[in-house]
Structures are given as C-alpha cells and as structure tokens.
Amino acid sequence: MTAAVHADGLVKRYSGMTQDAVSDLSFDIEPGAVIGLLGPNGAGKTTLTKMICGATVPTRGTLEVFGVDPAEPTGAAKRRIGAVHQNGPFDMMLPALDNLRITAAFKGLRWRDIRRQVDDLLAAFGLAGKTGQLAFTLSGGERRRFQVIRALLGDPPLLLLDEPSAGLDVSGRHQVWSLLHDLRRRQGTTILWTSHYVEELERNCRRVLVINHGRLVEFAAPRELAERFGGQVALVRPDRPRDTGELLAVLGRGGPQLRVSVGEGHVEVKGQGTRACLPALLTRAEALGIGIGAVEYRTPSLEDAFLTLVGAGHDG
Amino acid sequence: MTADLAPPPPGATAPAPARPSPLRGDVAATMYREYLLLTRNRTNLLLAITPSAVYLLLFATSLSRLVGEVRYEGRPIGYPEFAVPALLLSSMLAAATTAGTSLFQERLGRMDVELWSYPLRRGSYVAGKLLVSTLLVLLQSLAALGVSLLVFTFRWPPSHWVAVLCGIAVASMAFNGLYLLLATFFQDFQRFSVTINVLAPTLLFASPSFYPAPQMAPVLRWLSWGNPVTYGIRCIRDGALFGFGAAWPWMLVLLGVAVVTCVLIGRSLMARAREI
C-alpha cells in the first residue's frame, strides 16, 4: 500500500551551512492518519514540512507523497497537498478573497466550482464579513484562519499544518480542531500537524514524530511516548505550606535524574527515578522536621516525555 | 523507523487531479496573480498616474505657450511634439515603479514558500511575472499616448507612428526589466521605496526629455550619456519625427537592456526560489 508520505534517508543541507537541517530521516505516514510533528526550535520541523510540500528540494534521500516526488515538475504531488505555513504568507496588499482566488487558480480549481466550499468555510470560521479586507489589515488570528481555508481548497488528501493554532484564541483553536477531525472522518484526509502546543498534539494525533537536530528521535503514539519517556511524576505536599521551599531544597538533592519544581502548596518531582528515590528523600525531609501531608503519583504527559527526549530547556 | 500502514480511509488514495495545460495552469495562474497585484492596489495606481498627469497639464498649458518652438536636429518643432516622449517615459517609469514595488512586496509578504507549495514551475513564474509587468508598463504608456492625442495634434506619417509604437514597446520591456532588477537587489523596504521613487524624476531630468541636449548643463549632459531614459526618449522622439531609419540604433540599445535585465531577473528569481 502506498504511504501518504514516505521518507527514506532524507537529508537537507542549505547552501553555505555546515550542518544538516534534516539528517537521515526515515518514516512512513499511513493514509488517513493524523500525525504530530514535535521538536524544539531549529529541530528541522519547518524544513521537513517545506520538503514534503515541494517548496524545497532534499539534498539526499527519497521523499514521496502518495508515491510521487513532491518536487516533480508536473506538480502531481503538490496538487494533493494543502499547506499552512508557519510565517503566515499572504499577498498583503490584496483583499483576503483575492488571496483565496489566487490559490484556487494555482491549484487549477474553477472558482465557481469551489464557491460553495469557500462560503461554507468562511461561515464556519466566522470570516464571511472579512473577505474584502486587505490581508495586512487582518489580525494574526484571522489571517491564520484564512490560511487554513486556503489550504483546504479543493479538499487535498494531505494537509501540512505548521503551527495552525498560532495566534488563535481558545475558541479559534477548537474551531480548527473540530474542522480537521470532521475532514478526517468524512474524507480520510492525512494530516501532518506541527505545533508548539504539546497538549494539542497529544489530544489530536494518532502518533507523534519527534525530531531534534534534524534527526528522528521517536515516532510513536502520544500515550506510548508518555509512558516510555515521561518518567514518573509525583506531587508532594508538606503539612505546612510554608515548608514548601525547604522541601524543594531537600528533594532537589535527589540527583540529576530528578526535576523538581514548586507548584501551589506542593513540590512536583519528575524523572525516571522518582518512585525509587522519593522514599529516602521524604525520610530525610521528615528528619529535618518537614512534615509530609500527601504524596500523589500522576500519569506522565507527552510534554514530560518531550522534555526527556530532547532535554529540558527547549520549548516544543 | 517505519509505521505499520493502516487500511486506506475513503478518499485518501484517490487519484491526483488531472494536470491542466500550461496556458490554463501555472502560467495563467501566475499572470492572474500578477494582474491582481498590479491593478488592485489603488495607492500604487494613483502614484503611477499622478506624475504623468502633472506633466501633461504643464505641457498643455503654460510650458507650451512659454517655449513655443524648439530646434531638434536642425529642425523646428512645437514644444508638445518635442516633449511628448518625456510624458510617455514618465508614465513608463511610474508603471515600472509599480511593478518593482509589487515584486518587493511579494518578498515582504513572504509569499515564496506559499507559491512554491503550489504546482508552479519556476519558468512559468518568471515568464508570467515578466510578461504581465511588461504589459502593465506598455498599456500605461499607451494610455498616456492616447490622452496626449486628445490634448495635442501630431501630424506624423503612418510609418513614424509604427516606429513610435515599436519604440514604446521596446522601452517598456527595458524599463520594466531595470526596475524589477532593482527590486531584486534591495533587502530593506524603506531604502528600496526611497530609491525607486527618487529615481524616476532624477532619470527624467538627467536626460534630454524636457530640453534639447545642447541646452543641458554640462554635468547633466554627461550624466545623460549613461542614462537609459536618454535612449528611450531618443528612440520615441526620433521615431516620431524621422521614422525607423533614425530610431533603430536606440531601439537596439533598449532591446539589449531588455534582454540582459530579463536574463538577470530570471536568474535572480530562480536563485531565490532555490534558497527556500
């Protein structure tokens, strides 16, 4: 069966650079799947997205979209891709509607054939009254929603979404999520979804592709990643809230495998050795006169796993 | 790492849409986009029409009456007949400014990644861009000529008219090419905007547009030798007054400028597309 996206030994090095932006990436994305793409800034996510949509050509390796090279000059693969790019590109001095018309023209779609789809999408996103506005006068969130509409024109079977929720408020994010789920259900659209909101990927994606320094780190279901790499999380509450600072100091001496932080009246301990190390640390705390009120073990999240996989100090 | 492939959901493996022919496909789409970019921006249009309108009013009223006749190549001619090439060149430069600004704005809007995500071939993009922007410059120059004909009377033989029209076409290609090339050099919009808007009047006044070359100040006369507007003015003026025989050397120079600039723009746009 043909994969929606097939990458084998994919490498991209920009001219004048000494390091690969993407290095030896190999993966397959099955048709109809919603796949998250996660990595710290500069990990190569945008480069990978640009290669898949055919905007930039790999330096080495094989890349196919539904069995076709996306950079192939007839545009056979590109006709099956809708992309929302990170930097929100628009012809800023043109009205939003003209921007949509231009996309339709490039995709070889007749405006009168897609007019109904455009009207429905505009209504769904609450943008029906904004089509005459010049693109540069739209807010960031409005432009992002117009971008999503633009990517959906012609119902492409593969959607590449690079930060589709950036700049959107909570209701805007939910609008996008529900629309994408609806698309997947009705049309079996394959979605590659990049986001800095880790919980967004955890909630919406079947599997997550984690990359760092251009290399594949893991490709698995969010739950599996959380369980394998999220470590253990414990919330420790002192008897007296004023002891929280002292408790933090004691638990902080648990070694480099533990990450500790202060929450509302509690100390959060994360890391692979939490369950093993915690009893001894709590005994030490009690010996110092810090009463322990409660210890609560929590299910790790994808964010915990991400921090373990790429190292703390990065944003996702 | 390879994932197991699940059965295909409906629609996910549907065949790709048929590829439209180039003339209905990416070339037509590029031309459509260029048309919108060049004509929907009212500010650019207003800026493009204003200088020519001011010059036309000046020629039609006080300046014509004040100057009366001018001697050009030993022949006395009316001032409107002498100055109408300047009006056409002013219109041409204003339209070329619009085209250059539009190219720069495309880069500001970071449209390159979006464009290359479409089924668009690099050659179609460059061809569509050059074709439509040249057409805009040509049409605006012809419009200026049409308005001049409403205001003034020129008694040129038909062969001279053909020479004038050919001169306008070649000059449109050359100046559009020069301004687009200029737009590819700049990175900073403010510098680009100041340069491109100051350039048109500077080029016009440093050429024998409003006054014969012998009456120009020495510095301006030297500058005029390297000024492409001088060749545009001479091409149209000599074509109107003396026909093809006198205009062809200027046409050749302009054609050379057009070819060289088109090649350089094409290479620059292609290189930029590869850098994404």
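Lettering follows sequence order; numbering is per chain, from 1.
Across R40(B), R122(B), R33(B), the residue that shares the most heavy-atom pairs under 4.5 angstrom with chain A is R33(B). Taking D91(A), L160(A), L134(A), T56(A) one by one and counting their heavy-atom pairs under 4.5 Å with chain B, the maximum is reached by D91(A).
In this structure, no portion of L108(B) lies under 4.5 Å from any heavy atom of chain A. Heavy atoms of R150(A) lying under 4.5 Å from chain B belong exclusively to its side chain. Residue L94(A) touches chain B through its side chain alone, counting heavy-atom pairs closer than 4.5 Å. At a 4.5 Å heavy-atom cutoff, the contact between Q105(B) and chain A is made by side-chain atoms alone. Contacts between F106(A) and chain B at a heavy-atom distance below 4.5 Å involve backbone atoms as well as side-chain atoms. With a 4.5 Å cut-off on non-hydrogen atoms, S102(B) does not touch chain A at all. With a threshold of 4.5 angstrom between heavy atoms, T103(A) approaches chain B through its backbone and through its side chain.
Heavy-atom neighbours of R115(A) CZ from other residues, nucleotides or ligands within 6.0 Å: above the threshold of 12. Under a cut-off of 6.0 angstrom, the local environment of OH in Y35(B) is sparse, with at most 12 non-hydrogen atoms contributed by other residues, nucleotides or ligands. Within a 6.0 Å sphere centred on CZ of R60(A), other residues, nucleotides and ligands contribute 12 heavy atoms or fewer. Within 6.0 Å of CZ in R215(A) there are 12 or fewer heavy atoms belonging to other residues, nucleotides or ligands.
In this structure, M93(A) and L37(B) have side chains that are not in contact, with every pair of non-hydrogen atoms separated by 4.5 Å or more. Side-chain contact check for W116(B) versus K50(A): every heavy-atom pair is 4.5 Å or farther apart.
The two residues R110(B) and P89(A) come nearest to each other via the heavy atoms O-CB, 2.8 Å. Residues L120(B) and K78(A) share a closest heavy-atom pair of O-NZ, 4.2 Å. What you find for A83(A) and E114(B) is that their closest heavy atoms are O-OE1, 4.3 Å.
We find the CG-CG distance between N87(A) and D112(B) to be 7.5 Å, quoted to the nearest 0.5 Å.
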